[in-house]
Amino acid sequence: MKLQNNRFCIAGIPVEDIANRYDTPLYVYHTDTIVRQYRKMEAAFKNVKSRICYACKALTNINILKLMRELGAGLDTVSIYEVETGLRAGFNPEEIIFTPNGVGMDEIQKAVELGVHVNIDNIPTLERFGHKYSGKYPVCLRLNPHIMAGGHYQISTGHIDSKFGISVHQLRHVERIVKSTGIHVNGLHMHTGSEIMDAGVFLRGVEILLEATQYFKKLAFIDLGSGFKVPYSTEDNSTDMVTLGNELTARFRNFFSEYGKEVELWFEPGKFLVSEAGIFLVKVNVVKQTTATVFALVNSGFNHLIRPMFYDAYHHIINISNPKGVPRIYTVAGNICETDTFAWDRKIAEIREGDLLAIMNAGAYGYEMAMNYNSRPRPAEVMVYKGKDYLIRKRETLDDLLRNQVEPVIL
Ligand SMILES: *Cc1c(COP(=O)(O)O)cnc(C)c1O
């Protein structure tokens, strides 16, 4: 989003025009930003055989998946429904990795039938898999190296209390299962959670994963998951992809000669690819002065963007309607009957009732986590692609809210 002739624009289109065309609340994704982020990552790993599997739970709109496919990405999925959405978007099964946790054998079996890569994250499932398929279908193992990465505790998956992955301390057990059932392990995976700033932390996880390769001689790939950070506030930084790319490339070159062959290096960025591409547009219903603060109350809430409440996440907010306004201090909250604050004590260009606000960096885990609490429909989604805006998801209606409700004639 850029200020052009005193109006905020995306690819030259005034954001206000987009809001007028599709109404608010509205998610808008600028695909140029996704392309930029993808290319950045691709360039960082150009000297190793790598695959960028977009972690689609960040934003699963099928048009975004199609764009990722066009860019050459693979897909990381966490439910069988994401797998099937990916197939519908045109991905080949071998371009999709299924990394569920806590799912039943039925979902794993379905994934095998669909022919996608399966990533197993616990020992009981590995055992069942071994008994059922033996060496007939290769699997990847999700290991937990127990490195404590940054970010919020809830999005950190590497700690010792985490439910994710097979602990690296259980590798001997894994080895016994693999030997006795004849499982073919073709990949090792780790995903240590979100927001790793420091290449060093990432590399520590990598070392632990590489140490584990001694148990598995038929690996085709090593999947390093994600944890790549994007800046949310102006003081925030993003993962230095260039440095990470150089360091990982050097380390893996060494590893290939130790291991005796090259394996592919896979990544699963979600947030890194789509977060900055998205803005969430809301309208100010009421400016309410209380004894303690000035609230800007908008036509949305945590039912549409839960990250601030759920993760204590910072999202920058811009007053689209008043680009030159004098900054004042506001608490931006929603219209839900529950505390649903988007931002506390934030300096924003003077807000008037009816103003349009943009909540920035809303591309990842924004729409995806939206819900119908308070019987409010979910927003529409718009994609700005090659300089034009397209509706890619209709706004929900009252009919949508009632669609699956059943009224047996008893009342
Ligand atoms: C959520 C998830 C990702 C993506 O994480 P981001 O922080 O959005 O990059 C990658 N891999 C797995 C297995 C995940 O569950």
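Side-chain atoms are counted along with the backbone in the values below, which use heavy atoms only and exclude waters and symmetry mates. All ligand and atom numbering here is 1-based and tracks the order in the structure. Counting from 1, the numbers follow the sequence of the chain as shown.
Using a 30° and 60° split on the angle between ring planes, Phe255 and Tyr259 fall in the parallel class, below 30°. Classified by interplanar angle (parallel below 30°, tilted 30° to 60°, perpendicular above 60°), the ring pair Phe280/Tyr27 is parallel.
Residue Tyr365 touches ligand 1 through its side chain alone, judged by heavy-atom distances below 4.0 Å.
The ligand atoms of ligand 1 that sit less than 4.0 angstrom from a heavy atom of Glu268 are 3 (C), 4 (C), 10 (C), 11 (N), 12 (C), 13 (C). Taking a cut-off of under 4.0 Å to the non-hydrogen atoms of Thr99, the atoms of ligand 1 that pass are 13 (C). Ligand-side atoms of ligand 1 in range of Ala55: 3 (C), 4 (C), 10 (C), range being under 4.0 angstrom from any heavy atom.
Sorted by first and then second residue, the pairs that involve residues 78-92 and meet side chain to side chain donor-acceptor pair (under 3.5 Å), not counting sequence neighbours, are Glu84-Lys110.
In terms of polar-atom proximity, Arg142 is not counted as a contact of ligand 1, lacking any N or O under 3.5 Å from an N or O of the ligand. Ligand 1 has an N or O atom lying under 3.5 Å from an N or O atom of Gly270, backbone or side chain.
Within 6.0 Å of CG in Asn5 there are 12 or fewer heavy atoms belonging to other residues, nucleotides or ligands.
Geometric assessment of Arg346 against the ring of Tyr314 yields a positive cation-pi assignment under the 6.0 Å and 45° thresholds.
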